[in-house]
Amino acid sequence: MKLKVLGTQSPYNTKKHNCPGFFIQEGENLLMLDCGSGTHKMLKYPKDLKNLSVIISHLHRDHYNDIYNLQYASFVFHNQKRIDSPINIYLPQSPNSINEDIKAESNSFANYHEISENTKINIGNMQVTFCTTDHPVETYAIKVTNGKTSIVYTSDTSFTSKDRIVQFAKGAYLLICEASLLESYGFPEINSHLTAKQAGIIAKEAKVKELMLTHFWPEENTIQYLKEAKKEFKRVVIAKEGRSKKIN
Ligand SMILES: [Zn+2]
Ligand SMILES: [Zn+2]
C-alpha cells in the first residue's frame with residue numbers, strides 16, 4: 001500500500017496546510033480517508049476519480065468539507081465521458097441533516113453507503129474495518145489492511161476510548177493518530193481530542209511499528225508535538241502534506 005498525506009491541520013486550512021485527509025493506493029484502487037478543506041486539490045483529475053472510494057470518518061466540517069468539490073468534479077467528468085464509474089462515498093448516518101445534505105447533491109456521480117461499527121468493506125485487495133471513538137458526533141477509527149500489512153487512522157477521539165483504539169490498532173504497521181493538543185494546553189477531555197503524549201501512549205500499548213501524528217493546531221510549531229510524543233514512543237513522524245510512504 002502507498003500512503004500519501006493530503007491534510008494535517010484543524011480547524012481550518014491555511015496556505016501550506018489542509019484539513020485532515022489521507023490517500024491510500026493499492027494496485028489500481030484508490031481510497032481517501034477524510035476530505036477536509038483543501039485536500040481535493042492534492043488529487044489529479046480526472047485520473048484519481050477512477051476507482052475512488054472516499055470514507056468520511058465523521059461529519060465535522062474539517063473532515064468532510066471537500067466532499068462537495070469531489071461530487072461536482074465527478075459530475076462534470078462523467079458528463080464529459082472521462083470517467084465511467086461512480087465514486088463511492090462512505091459516511092456515518094448522523095448527524096442526519098449533514099448525511100442527507102451530502103446525499104442530496106444531484107450534480108454528482110457517486111454511490112453512497114452508510115458505515116457502522118460492524119461494516120466491512122472490500123476494495124480490491126484492501127479490507128476496511130471500523131471502531132467507534134468517543135467524540136461529540138458519531139466517529140470511526142478506520143483500519144485498512146491488504147492481508148500483509150495494515151494502517152490504522154484514529155480520526156478524532158478523546159482518550160476515554162483509548163482501550164478500544166489500542167485493541168483495534170494492535171500490531172498495525174502504521175498508526176496515524178490525531179494529536180490536536182499539547183500537555184501544556186491541559187484538560188484534553190474537555191476538547192474531546194488527544195494530546196501528543198496520549199497518542200504516544202496508544203502507539204506504545206498497541207505495539208505498532210510507526211506512529212504518524214496529525215490534526216495539528218495551526219498556530220503551533222509541530223516540533224512540540226513530536227517532542228511530547230517521543231517521550232512515550234520513539235518511532236514517530238509528523239504528517240506533512242504531500243509526503244508519500246510505502247507501507248509493506
Ligand atoms: Zn471532530
Ligand atoms: Zn477534526
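One-based numbering along the sequence shown. Whatever order the structure lists them in is the order used to number ligands and atoms, beginning at 1. Computed from heavy atoms alone, side chains included, the values below leave out hydrogens, waters and symmetry copies.
For the pair Pro11 and Cys19, the tightest heavy-atom approach, listed with the atom from each and the gap, is O-SG, 3.9 Å.
Checking Gln127 against Asn146 by side-chain atom types alone, no donor-acceptor pair falls below 3.5 Å. Inspection of the Glu241 and Thr8 side chains reveals an N or O donor paired with an N or O acceptor under 3.5 Å. For Tyr64 and His58, the side-chain atoms include no donor-acceptor pair closer than 3.5 Å.
The atom of Asp62 that is an N, O or S and sits closest to the Zn ion (ligand 2) is OD2. Of all N/O/S atoms in His135, NE2 sits nearest the Zn ion (ligand 1). Asp156 has its closest N, O or S atom to the Zn ion (ligand 1) at the position named OD2.
Centred on the Zn ion (ligand 1), the ND1 atom of His60 and the NE2 atom of His58 lie at an angle of 90°, reported to 10°.
Ion pairing between a basic and an acidic side chain is recognised when a charged N comes within 4.0 Å of a carboxylate O; Asp84 and Lys50 show no such pairing.
Among the backbone and side-chain atoms of Glu178, no N/O/S atom is found under 2.8 Å from the Zn ion (ligand 2).
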